[in-house]
Amino acid sequence: MGIKKVGTKSQTIIEKIFFLDFMKGLSTTIKHLFKRTITVTFPYEILEPTIRFRGVHGLRNVDGTEADDFMSWIKKLKIKPPEKGETRCIACKFCQAACPVPELFTIKAEKLNVPEDHPHHGLKILAVFDMDLSKCMFCGLCTQACPTDCIIHTDIYDLSSYTRRNWVLNKEMLSQIADDFIARRGKEKFDEKSKWREDQTVWPLHEEDLKIRAKLWDGNIPQLGPNYYDQSDKTTN
Ligand code: SF4
Ligand code: SF4
């Protein structure tokens, strides 16, 4: 039984003499020789993503552009009022509650060890804020949940590393990443009150979403599962 050729057309004598198929291929190659190159030689050249890009996270510090309700959150969570340059994070864990992979966060607040007559007696500071970005899907839900506009996405996308340990970023690293991003592109992303510009929000916020979020934010620390909240850690209550 012979093999039936499907979808092939034998060349005409003219096509054979003038190598027409070859010439067609060559013309495509020549056309592309004069087009703008869209590839870059990473990591020597780095493309700058659009400002809405959801890259490596950063933790913003206090810089005078906080929203009007920032201090009320500080009081509500009994956090020591931060100085300029200190973190905006109030250890509320709303980012962790919103995250589909909550175990990637380790967030702990610690009571200050000061005498009873000290003005900061009974107040807390953020002690640990680690993120294991090897587990992150860069969905942006954590940034949307943060009441103090502290956790943000930056435009950094290179997480290559020889060890997985390097994907765990602590609060100092995250602060440095945010500082660098704000200095470079802060004005493109945020308005003068640290709010995302309308066209920059990660997910569109509908009225119903805002109501749900307001309820979540109303002083309740959500407990969404075994990984979310360490029962032995009462420091954020
Ligand atoms: S981007 Fe998504 S997966 Fe990553 S930490 Fe935020 S909420 Fe979690
Ligand atoms: S939601 Fe914002 S303020 Fe609260 S723990 Fe996360 S980063 Fe800190």
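In listed order, ligands and their atoms are each counted from 1. Heads up: numbering here begins at 1 and tracks the sequence.
Shortest contact from atom 2 (Fe) of ligand 1 to any protein heavy atom: Cys139 SG, 2.2 Å. At the shortest separation from atom 3 (S) of ligand 1 among protein heavy atoms lies Met137 N, 3.4 Å. Of the protein's heavy atoms, Cys99 SG, 2.3 Å lies nearest to atom 8 (Fe) of ligand 1.
Under a hydrophobic clustering in which Ile, Leu, Val, Met, Phe, Trp and Tyr are joined whenever their side-chain heavy atoms come within less than 4.5 Å, directly or via other members, Ile51 and Tyr157 fall into different clusters.
The shortest non-hydrogen separation linking Cys150 to Cys89 is SG-N, 3.5 Å. The minimum heavy-atom distance linking Met137 with Pro100 is given by the pair CE-CB, 3.7 Å. Of all heavy-atom pairs between Thr143 and Gly140, the closest is OG1-O, 2.6 Å.
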Could you walk me through whether Asp130 and Thr106 pass the side-chain hydrogen bond (donor to acceptor under 3.5 Å, both in side chains) check? CA-CA 5 Å; Asp130 290 349; Thr106 309; 5.0 Å; no
Applying side-chain contact (heavy atoms from CB on, under 4.5 Å) to His153 and Phe53, what does each step give before you reach the verdict? CA-CA 8 Å; His153 281 291; Phe53 181 76; over 6 Å; no
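For atom 2 (Fe) of ligand 2, protein N/O/S neighbours under 2.8 Å (waters excluded) are Cys146 SG.
Heavy-atom proximity to Met131, at under 4.0 Å, picks out these atoms of ligand 1: 5 (S). For ligand 1, the atoms closer than 4.0 angstrom to any heavy atom of Pro100 are 7 (S), 8 (Fe). Taking every non-hydrogen atom of Lys93 and a distance limit under 4.0 Å, the qualifying atoms of ligand 2 come out as 4 (Fe), 5 (S). Of all atoms in ligand 1, numbered sequentially from 1 with element shown, those under 4.0 Å from a heavy atom of Gly140 are 1 (S), 2 (Fe). Atoms of ligand 1 found under 4.0 Å from any heavy atom of Phe105 (numbered from 1 in listed order, with element): 5 (S). Near Phe138, meaning under 4.0 Å from any of its heavy atoms, are these atoms of ligand 1: 1 (S), 4 (Fe).
Heavy atoms of Phe129 approach ligand 2 to within less than 4.0 angstrom. Using 4.0 Å as the threshold, His57 has a heavy atom nearer than that to some atom of ligand 1. Between Lys135 and ligand 1 there is no heavy-atom distance shorter than 4.0 Å. Not a single heavy atom of Ala98 lies less than 4.0 angstrom from ligand 1.
Residues Ile107 and Gln96 form a side-chain contact, since some pair of their non-hydrogen atoms from C-beta on lies under 4.5 Å apart.
The distance from atom 4 (Fe) of ligand 1 to the nearest N/O/S atom of Cys136 is under 2.8 Å.
Looking at Ile79, Leu174, Leu126, Thr148 one by one, the single match for side chain to side chain contact (heavy atoms under 4.5 Å, CB included) with Thr87 turns out to be Leu126.
Note on ring orientation: taking the six-membered ring where Trp is involved, the planes of His118 and His120 are tilted (angle from 30° to 60°).
Residue-environment remark: CG (Asn113) stays at or below the threshold of 12 foreign heavy atoms within 6.0 Å.
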May I have the list of side-chain donor-acceptor pairs in residues 33-50 shorter than 3.5 Å, sequence neighbours left out?
residue: Thr41; atom: OG1; partner: Glu45; partner atom: OE2; Å: 2.6
residue: Glu45; atom: OE2; partner: Thr41; partner atom: N; Å: 3.3

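Between Glu66 and Arg88 there is a salt bridge, since a side-chain N of the basic residue sits under 4.0 Å from a carboxylate O of the acidic one.
In this structure, Arg60 forms a cation-pi arrangement with Phe190, its terminal cationic atom sitting closer than 6.0 Å to the ring centre and no more than 45° off the ring axis.
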